[in-house]
Amino acid sequence: KVIFDKAASIRKAAGEQSYQVLKYEQDPDKIVHFSRWASISQAKQFFESPELVKIREQAGVKAPVFNYLQELEHGVL
């Protein structure tokens with residue numbers, strides 16, 4: 001999480017607009033990161049970049065699965 005936090009400026013510069021980090025109740029070492037980007041192409045370019053691969057290696061993060069989603073709707077109840 002420390003390295004994730006330190007990368008905030010490069011994430012923002014790459015087009016990330018907001019994020020949410022969640023951990024599994026049964027396995028606190030397993031996390032899910034949701035983020036909103038200016039475009040899917042910017043998100044792909046960032047997450048698949050050699051720079052980010054290096055950062056993940058330094059953090060000891062296993063290769064994650066990326067799912068790129070297009071928002072259909074959101075709201076507050």
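As the structure is a prediction and not an experimental result, all values here were calculated from the model.
Within 6.0 Å of the CD atom in Gln70, the count of heavy atoms belonging to other residues, nucleotides or ligands does not exceed 12. Remark: Gln17 CD is packed, more than 12 non-hydrogen atoms of other residues, nucleotides or ligands lying under 6.0 Å away. More than 12 heavy atoms of other residues, nucleotides or ligands sit less than 6.0 Å from atom CD of Glu48.
Looking at every heavy atom in both residues, Ser35 comes nearest to Glu16 through CB-OE2, 2.9 Å.
In the hydrophobic clustering, Leu52 connects to Ile3, Ile10, Trp37, Ile40, Phe46, Phe47, Ile55, Phe66, Tyr68, either directly or through intervening members, whenever side-chain heavy atoms lie under 4.5 Å apart. Residue Phe4 shares its hydrophobic cluster (ILVMFWY side chains chained together at separations under 4.5 Å) with Tyr19, Val21, Ile31.
No side-chain heavy atom of Gln20 sits under 4.5 Å from any side-chain heavy atom of Arg36.
Remark: Ser49 OG to Lys54 NZ distance equals 11.5 Å, nearest 0.5 Å. Within the model, atoms NZ of Lys30 and NZ of Lys62 stand 9.5 Å from one another, a figure rounded to the nearest 0.5 Å.
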